[in-house]
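Every number for a ligand or one of its atoms is a count from 1 in the order of the listing.
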Amino acid sequence: MFSHKLSDNLYYVGVNDRKTQLFERMIPLPYGVSYNSYLLVDEKVVLFDTVENSFAEHSLEKIKFALEGRKIDYLVIHHLEPDHTSGIKAYLTQYPDLQIVCNKKAAEMLNGFYSISQNLLIVEENQELPIGKHVLRFIFAPMVHWPEVMMSYEKTEKVLFSADAFGCFGTLDGAVEDSKLNIEKYIGEMYRYYVNIIGKYGLPVQKTLQKLTDIQIDTICSLHGPVWRKHIEKVVGIYNQLSKYEGENGVVIVYGSMYSHTEAMAEVVARGVAEITPNVILHDVSKSDISQIITDCFRYKGLIIGSPTYNGNLFPEVSQVLDKLELRTLKNRIFASFGCYTWAGQSVRLLNAFSEKMQYENVGSAEVKQAMQKADYEIFYNLGKEVAGKVR
Ligand SMILES: Cc1cc2nc3c(=O)[nH]c(=O)nc-3n(C[C@H](O)[C@H](O)[C@H](O)COP(=O)(O)O)c2cc1C
Ligand SMILES: [Fe+2]
Ligand SMILES: [Fe+2]
C-alpha cells in the first residue's frame, strides 16, 4: 500500500472513492472523488486531515507504511465536514496519543459530532507551530465551505494545505500531482465542485484569496483532487473568477419543454447567439444534470431561460434551476427569457420577476401563445443575438 511521496518529508495518504454515486447525496460523481490527507514527517509527525469513514483503514495503512514505526504527533483538522472527519475514531484508536490541532469552532463541532474533547491544541489565526525544520502557520478561511475552515501554510517548503479550496471532483488515477495527470477532467470538475459546493460563498472566498496574495505558494494540497504545483495560477484564477461571479464570454440557454414548443424557441434563440459567439450552451432541464446546468450558468455571462406555463407557474424543473441559482446568489448576468402558454401565460412574467430579484440586466423577453409562427422567428433570433452582443 504505497503512499505517494511529494517531497522528502511530505506524503500523500489520501484515498479514491469510486463507489459513491452522489456527493452529498445530490451531486453526481462520474469520475469519482478523492478524500485527500497528507503526512509531514519531521521532528514531529503531522497528519493533515483524515478521510471518510469507509476509507479510514486504507489511509491508515498508507500512513503506517510511510511512518515505518513512528507515531503521529499532531492531527491538523482544517474542516469538520464528515467527508473528511467521519473516520476519525479509527485514527484515534491506532494513535491514541496524537494531539488534535484545530481552531475553537472546529473543537465545538468535534465535540458535537464525535464527542471528542480531549488532547486538543486550539490555535488562533496566524499562530505558528514549529515541527522541526518545518513551521506551520494557520490561516482561517471561514465559510470557504463551513465556518470553522482553516488552512495551514508550511513556510519551509511553501505548501498551502487549503482545505476544500482549490479542490475538485475526480479520483487521482495513478498519480496525485497535477504535472503527472491529464488535468482537463479535473478543471471541468473544479468548476462543478466550486459552483455546487462553495458557490454561495463568493465573498468569503474573495477575503481568503486576499489573505493569500502576499505569500509564496509552491504547492497546494487541497482536500479533493490533484496536488497543484504546475497549474497554481490557473486554479487560483478559476476560484477568483467564480467567487467574483464574473462570467466568461458565452451564453447559456436553459429551457424546459414538454411538447417541444419551448425547445423550438430555444433553437432559434441559439442561432441568434451563434451569430455573435460560438460559446453557446443549451440545456434541456429534463435531460442535463442540474449540477452541470448551474455550473455553466456560473461560468458564462449570458443567461437565457425558457419555460412553458405549467399549471399557472413555471415548468417545475426550470423552477429548480432558479432556486439553485438564487441559493448561490449568482450575480451579474445579462438575462433574457422566453416561453409559451395556451390559455393564460405566466412563465415569462415569472422569469422576469426572477431576473429583477437577482438584479440582472434584462435584455428582453419573447412569449408565444400556442406555437411559434414564421413572424416570431426573427424576434427569438434577435433576442439571442442581443444577449450575445452585450456579453461580448
Ligand atoms: C401539465 C400542463 C399544464 C399546463 N398548464 C398551463 C397553464 O397553466 N396555463 C397555460 O396557458 N397553458 C398551460 N399549459 C399549456 C402549455 O403551456 C402549452 O401547451 C405549451 O405550448 C407547452 O410548451 P412545450 O411544448 O414547450 O411543452 C399546460 C400544459 C400542460 C401539459
Ligand atoms: Fe466541505
Ligand atoms: Fe470536502
Task: Sphere of radius 2.8 Å around the Fe ion (ligand 2) - protein N, O or S atoms inside - done: His79 NE2, Glu81 OE1, His145 ND1, Asp164 OD2
Indicate whether the side chain of [X] and that of [Y] have a donor and an acceptor atom separated by less than 3.5 Å.
| X | Y | answer |
| --- | --- | --- |
| His84 | Glu52 | no |
| Tyr38 | Asp49 | no |
| Asn352 | Ser355 | no |
| Asp17 | Tyr35 | yes |
| Asn9 | Ser7 | no |
| Tyr114 | Thr85 | yes |

Open item on the list: Residues around ligand 1, heavy atom under 4.0 Å from any ligand atom, sorted by chain and number. Can you pull those?
Closed with: Ser257, Met258, Tyr259, Ser260, His261, Thr262, Pro308, Thr309, Tyr310, Asn311, Gly312, Cys340, Tyr341, Thr342, Trp343, Ala344
Open item on the list: Any carboxylate oxygen within less than 4.0 angstrom of a Lys/Arg side-chain nitrogen, looking at Lys390 and Glu361?
Closed with: yes
Task: Lys/Arg-Asp/Glu bridge criterion (N-O < 4.0 Å) met for Glu128, Lys155 - done: yes
Open item on the list: Could you measure the distance from the OG atom of Ser37 to the CZ atom of Phe48? Nearest 0.5 Å is fine.
Closed with: 9.5 Å
